[in-house]
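Labels below follow one simple rule: chain letters A, B, ... track the order of the sequence lines, proteins then strands, and each chain is numbered from 1.
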Protein chains: 2
Amino acid sequence: MQLKELSERTGVSPASIKFYLREGLLPAGRTVHATRAEYSEHHANRLELIQALRRVVGLNIAQIGSLLKMADGGAPRLELLAAIQRTVLGLDEVGTEHGELRTPAGDAVVRFRNWPDVPSDARNALNAQLARMESLGVPVTAELLDAYSQAVDAIAATNISATTAPDDVNQLIMTAAVGMHLHGQLVLKLLALAHASHAIRRYEKSI
Amino acid sequence: MQLKELSERTGVSPASIKFYLREGLLPAGRTVHATRAEYSEHHANRLELIQALRRVVGLNIAQIGSLLKMADGGAPRLELLAAIQRTVLGLDEVGTEHGELRTPAGDAVVRFRNWPDVPSDARNALNAQLARMESLGVPVTAELLDAYSQAVDAIAATNISATTAPDDVNQLIMTAAVGMHLHGQLVLKLLALAHASHAIRRYEKSI
DNA sequence: CACCTAGGATAGGAGCACTATCCTGTGGTG
DNA sequence: CACCACAGGATAGTGCTCCTATCCTAGGTG
């Protein structure tokens with residue numbers, strides 16, 4: 001199909017498609033003639049992926065570009081998934097400029113929970129977050145961290161067993177990124193509700 | 001103190017302070033003469049609050065403005081806290097344009113968890129999120145929701161008991177908003193780590 | 001032959017959070 | 001009394017991001 005049809009089928013304006021082509025998010029079509037290019041299903045899927053990552057997950061163009069480049073570069077699945085996690089959960093956004101890294105409390109969590117003791121982005125992000133919270137005067141006690149980690153452990157256990165990785169790379173990014181984001185948001189919303197509920201309870205009692 | 005001194009003490013540029021004044025985020029100083037205004041500690045605190053809400057929590061000017069207006073308007077604490085939750089956790093961002101609201105699964109959670117059955121922002125947001133996920137083809141099973149809710153219930157229980165509400169309104173917003181945001185981020189990061197850990201476990205086993 | 005299209009270049013625009021400039025008037029200092 | 005720093009108001013500009021629009025040429029299509 002041609003650019004215009006691609007646009008109509010995906011609901012993305014021709015101008016935006018051209019923009020994505022320029023930015024390298026969308027591979028160029030097969031040039032049939034000097035003034036005719038042919039786009040395939042692959043392009044349509046890719047376009048939908050881009051839209052989902054932009055509008056649902058909220059990634060910016062550069063982030064999407066780097067994920068897609070990895071995928072197209074044939075990076076190993078685990079690496080790709082790690083990159084997705086890093087990007088979607090903003091694990092590399094937190095300033096890692098902590099000269100004074102005291103005993104990282106995150107590592108204690110890992111040991112206590114008996115999680116595999118492997119350095120990872122998530123772990124760095126956790127330590128960074130804890131440092132950040134400390135520096136902002138929001139204390140995180142060991143008990144709290146313990147309760148949190150126990151809870152997320154249970155979530156992750158339930159979560160991981162319900163996952164099947166698709167074969168197509170577009171599909172993989174789609175499910176992983178969108179799923180990760182939506183599940184994160186879901187937990188946040190549940191947490192808000194739980195928090196509100198407990199607050200109401202407490203408030204009722206104190207009347 | 002004068003505007004310039006206020007700027008030096010808080011590290012916020014005079015131009016920005018003027019901007020906040022224009023936007024109504026910062027109340028005008030006490031006009032001493034036609035060309036002299038006097039700012040107090042209150043202004044400095046307010047300015048720090050604005051900075052925290054912008055840079056740490058990531059709220060935009062309009063959101064900060066509406067929270068501050070509520071606070072200054074002498075809104076009841078519970079209402080203010082509800083508004084903070086709504087704003088910080090983005091509870092009112094999700095498109096609420098769901099004409100087809102099937103049996104809201106979120107309500108089932110509430111009943112099952114024995115949370116107080118009160119309509120709330122958090123609950124609407126939860127139902128909206130579930131609808132959203134369904135429409136995006138990300139299934140949420142009852143079991144998953146159950147595991148999630150149990151986990152967040154535990155978190156909330158631990159969390160709420162560690163909370164003391166300060167008297168000053170500025171302080172209240174600061175702790176509530178910043179705390180809410182940081183705790184949410186913490187949970188997200190822990191979840192990422194737990195998820196990665198379980199994935200590694202699973203990967204090891206399958207070798 | 002009239003018309004459409006791809007692709008390249010370049011410019012425009014909207015939204016956001018500032019940032020800078022200019023202006024007027026005036027209080028306090030020297 | 002002269003002068004300069006400063007408040008406050010108005011207005012415009014900046015940097016960033018993500019598009020969106022216009023213009024162009026060359027080349028197929030009915």
Side-chain angles (χ1 to χ4, degrees), chain A residues 1-40 42-44 46-68 87 90 93, chain B residues 1-40 42-44 46-69 87 90 93 177:
Chain A
M1 78 194 98
Q2 305 190 177
L3 194 148
K4 206 179 188 188
E5 196 186 340
L6 182 64
S7 158
E8 276 155 12
R9 282 193 31 181
T10 56
V12 182
S13 78
S16 293
I17 295 180
K18 280 178 153 196
F19 174 71
Y20 294 146
L21 285 167
R22 271 203 304 286
E23 298 293 317
L25 298 196
L26 194 64
R30 189 170 53 87
T31 306
V32 180
H33 311 295
T35 74
R36 242 2 85 107
E38 179 71 14
Y39 298 94
S40 65
H42 177 71
H43 290 90
R46 173 58 62 99
L47 216 37
E48 270 157 29
L49 175 58
I50 293 171
Q51 290 291 300
L53 293 180
R54 274 286 309 134
R55 310 222 173 277
V56 180
V57 186
L59 301 186
N60 62 33
I61 300 295
Q63 291 172 317
I64 297 174
S66 106
L67 284 184
L68 293 180
T87 310
E93 274 171 21
Chain B
M1 79 193 96
Q2 305 193 176
L3 194 149
K4 205 179 188 190
E5 194 186 340
L6 181 64
S7 158
E8 277 154 13
R9 280 195 30 181
T10 56
V12 182
S13 77
S16 294
I17 294 180
K18 280 177 152 196
F19 174 70
Y20 294 145
L21 285 166
R22 272 202 305 283
E23 297 295 316
L25 298 197
L26 194 64
R30 188 171 55 86
T31 305
V32 179
H33 311 294
T35 74
R36 248 351 93 105
E38 180 70 15
Y39 298 94
S40 65
H42 177 73
H43 290 90
R46 173 58 61 102
L47 216 38
E48 269 156 31
L49 175 58
I50 293 171
Q51 289 292 299
L53 293 180
R54 277 284 310 132
R55 311 220 173 279
V56 180
V57 186
L59 302 186
N60 63 34
I61 299 296
Q63 291 172 317
I64 296 175
S66 105
L67 284 184
L68 293 179
K69 214 173 69 186
T87 310
E93 274 170 22

- What is the distance from atom CD1 of B:Ile50 to atom CZ of B:Phe19, rounded to the nearest 0.5 Å? 10.5 Å

- Query: Rounded to the nearest Å, what distance is computed from the CG atom of residue B:Leu21 to the P atom of nucleotide C:dC18?
  - Reply: 13 Å

- Nearest 0.5 Å please: distance from the OG atom of B:Ser40 over to the CZ atom of B:Arg46. 10.5 Å

- Query: Is any side-chain heavy atom of B:His43 less than 4.5 Å from a side-chain heavy atom of B:Tyr20?
  - Reply: no

- Calculate the interatomic distance between B:Glu23 atom CD and C:dC18 atom C1'; express it in whole Å. 10 Å

- Rounded to the nearest 0.5 Å, how far does OH of B:Tyr39 lie from CG of B:Leu21? 5.0 Å

- Task: Please state how far atom CD1 in B:Ile50 lies from atom P in C:dA17, giving the value in whole angstrom units.
- Result: 13 Å

- Note on the structure: When rounded to whole Å, the CD to P distance for the pair A:Glu38 and D:dT29 reads 12 Å

- Message: Using 0.5 Å steps for rounding, measure from the CG atom of A:Leu47 to the NE2 atom of A:His42.
- Response: 11.0 Å

- Check the distance between C:dA6's P and A:Arg30's CZ and give it to me in whole angstrom. 14 Å

Give me the distances for all protein-to-nucleotides 16-21 of chain D N/O pairs that come in under 3.5 Å?
from	atom 1	to	atom 2	distance (Å)
D:dC18	OP1	A:Ile61	N	3.3
D:dC19	OP1	A:Arg55	NH2	3.4
D:dC19	OP2	A:Tyr20	OH	3.4
D:dC19	OP2	A:Arg54	NE	2.8
D:dT20	OP2	A:Ser13	OG	3.4
D:dT20	OP2	A:Ser16	OG	2.7
D:dT20	O4	A:Arg22	NH2	3.4

- From CD1 (B:Ile17) to CG (B:Leu6), nearest 0.5 Å: 4.0 Å

Produce the list of close N/O pairs, under 3.5 Å, pairing protein atoms with atoms of nucleotides 22-30 of chain C; give distances to one decimal.
from	atom 1	to	atom 2	distance (Å)
C:dG28	OP1	B:His33	NE2	2.8

- Query: Should we say atom CZ of B:Arg54 is surrounded by more than 12 heavy atoms from elsewhere, each under 6.0 Å from it?
  - Reply: yes

- Item | Nucleotide D:dA7, atom P - distance to CD of B:Gln2 in whole Å | 5 Å

- Gap between atoms CG and P, on B:Leu6 and D:dG8 respectively (whole Å): 11 Å

- Query: Do A:Val12 and A:Glu48 touch side chain to side chain, with heavy atoms closer than 4.5 Å?
  - Reply: no

- Query: Below 4.0 angstrom from OP1 or OP2 of D:dC6, is there any side-chain N or O of B:Tyr39?
  - Reply: no

- Message: Return the OG to CG distance between B:Ser66 and B:Leu25, rounded to the nearest 0.5 Å.
- Response: 10.5 Å

- Taken to the nearest whole Å, CG/A:Leu26 to C1'/C:dA6 is 14 Å

